[in-house]
Amino acid sequence: MLSSKVQDALNAQINAEFWSAYLYLAMACNFDADGKPGIANWFRIQFQEEQAHAQIFMNYMNARGGRVILKPIEEVPATWEKPLDAFMDTLAHEQKVTALINNLYAIAEAEKDYPTCDRLNWFVNEQVEEEESAQQLIDKFRMIGDNGMGLYMLDQELAARVYNVPSPLAAK
Ligand code: FEO
């Protein structure tokens with residue numbers, strides 16, 4: 001059984017994960033329109049991952065007898081002029097998500113809800129990877145600058161990204 005504090009916090013996090021999905025889908029559409037299909041692919045997989053994060057929380061709430069409440073998803077930005085801008089926004093956004101996960105962890109701990117802390121550990125580690133991958137891509141785009149060949153090659157590299165089902169869903 002989930003306390004109402006933990007249930008509310010989990011529902012807020014589900015909304016944040018869907019907002020993240022929406023943000024990355026907007027980025028994918030932006031770079032599709034901009035003729036950068038590899039970058040669009042990278043963001044489309046990010047979109048899938050965020051939907052999976054929401055699903056992990058929904059499965060967890062159902063397993064604990066909680067009630068999932070889906071709230072409206074706020075509008076996201078629509079345009080990014082350069083890939084570097086989008087990846088800088090990605091890093092800033094993931095840093096905010098890390099703070100949300102940490103806050104959720106603190107709520108669960110205060111409620112002595114150890115199963116929720118345990119579930120959140122996966123997200124704590126995931127956020128380390130999310131921030132690291134955004135930072136690595138920022139570094140690459142900074143290195144390239146406006147070099148057309150460099151941008152073309154990095155777009156090709158990002159076209160190779162494939163979606164992997166996150167382990168908490170793969171185990172189901
Ligand atoms: Fe669901 Fe990108 O964190």
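- A centroid separation of 6.0 Å or more is found between the aromatic rings of Y22 and F47.
- No hydrogens or angles considered: a donor-acceptor pair under 3.5 Å links the side chains of D139 and Q135.
- Contact annotation: the side chain of K82 never approaches that of W80 to less than 4.5 Å [non-hydrogen atoms, C-beta and beyond].
- The same ILVMFWY cluster, assembled from side-chain heavy atoms under 4.5 Å apart, contains both W19 and L25.
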- Item | Steps toward side-chain contact (heavy atoms from CB on, under 4.5 Å) verdict (L70, V68) | CA-CA 6 Å; L70 297 175; V68 173; 3.9 Å; yes
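- Ring-centre distance between F43 and F87: below the 6.0 Å cut-off.
- Distance check, rounded to the nearest 0.5 Å: CG of L10 to CE of M58 gives 12.0 Å.
- Cluster membership for V128 and L100, using ILVMFWY side-chain heavy atoms within less than 4.5 angstrom, is not shared.
- Shortest non-hydrogen contact noted between A159 and N41 is O-ND2, 3.2 Å.
- In terms of hydrophobic clustering, with Ile, Leu, Val, Met, Phe, Trp and Tyr side chains grouped at heavy-atom distances under 4.5 Å, V76 and I73 are assigned to a common cluster.
- Environment of CG in N125: crowded, with over 12 heavy atoms of neighbouring residues, nucleotides or ligands closer than 6.0 Å.
- Counted by atom type alone, E130 and Q46 present one or more donor-acceptor pairs between their side chains at under 3.5 Å.
- Side-chain atoms of D155 come within 3.5 Å of backbone atoms of I39 as a donor-acceptor pair (strictly under, hydrogens ignored).
- With hydrogens and angles disregarded, a donor-acceptor distance shorter than 3.5 Å links the side chain of N15 to the backbone of P72.
- Each of L104 and I69 belongs to its own hydrophobic cluster when Ile, Leu, Val, Met, Phe, Trp and Tyr are linked at side-chain heavy-atom distances under 4.5 angstrom.
- H53 and S20 share no side-chain donor-acceptor pair at under 3.5 Å.
- Here the OG1-CE distance, from T79 to M27, works out to 10.5 Å after rounding to the nearest 0.5 Å.
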- Query: What's the verdict on side-chain contact (heavy atoms from CB on, under 4.5 Å) for E94 and E132, showing C-alpha distance, side-chain angles and the deciding distance?
  - Reply: CA-CA 10 Å; E94 291 301 334; E132 185 186 21; over 6 Å; no
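- Salt bridge annotation for E49-R161: present, with a cationic side-chain nitrogen under 4.0 angstrom from a carboxylate oxygen.
- Residue I45 holds its CD1 atom at 13.0 Å from CD of E50, rounded to the nearest 0.5 Å.
- Atoms CG and CE, on L154 and M149 in that order, are 13.0 Å from each other to the nearest 0.5 Å.
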- Task: Might you work through the side-chain contact (heavy atoms from CB on, under 4.5 Å) test for E126 and I101, ending with a clear yes or no?
- Result: CA-CA 10 Å; E126 173 72 5; I101 295 289; over 6 Å; no
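- L158 is listed as a side-chain neighbour of L137, based on a closest heavy-atom distance under 4.5 Å.
- Separating the CG atom in D89 from the CG atom in L23 is a distance of 7.5 Å, to the nearest 0.5 Å.
- Enclosure of atom OH in Y152 is not indicated, since only 12 or fewer non-hydrogen atoms of other residues, nucleotides or ligands lie within 6.0 angstrom.
- Side chains of N11 and Q7: a donor-acceptor N/O pair is absent below 3.5 angstrom, by distance only.
- Atom CD of Q13 is separated from atom CD1 of I107 by 10.0 Å, given to the nearest 0.5 angstrom.
- In the hydrophobic clustering of this structure, L91 groups with V97; members are Ile, Leu, Val, Met, Phe, Trp, Tyr whose side-chain heavy atoms approach within less than 4.5 Å, directly or through other members.
- Residues H93 and Y24 are in side-chain contact: their nearest non-hydrogen atoms beyond the backbone lie under 4.5 Å apart.
- Nearest heavy atom pair, residue L169 against residue N59, reads CD2-ND2, 3.4 Å.
- There is a side-chain donor-acceptor pair under 3.5 Å between Y60 and T116.
- Classification of R64 and D113 as a salt-bridged pair holds, one side-chain N sitting under 4.0 Å from a carboxylate O.
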- Query: Under the side-chain contact (heavy atoms from CB on, under 4.5 Å) criterion, do K140 and E157 qualify, and how do the steps go?
  - Reply: CA-CA 11 Å; K140 286 184 181 180; E157 182 184 318; 2.7 Å; yes
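- Considering every non-hydrogen atom in both R67 and M61, the closest pair reads O-CE, 3.4 Å.
- Nearest heavy atoms, L2 versus G66: CD1-CA, 3.8 Å.
- Closest of all the heavy-atom pairs between C117 and A108 is SG-CB, 3.8 Å.
- The nearest pair of heavy atoms linking P83 to F31 is CA-CZ, 3.6 Å.
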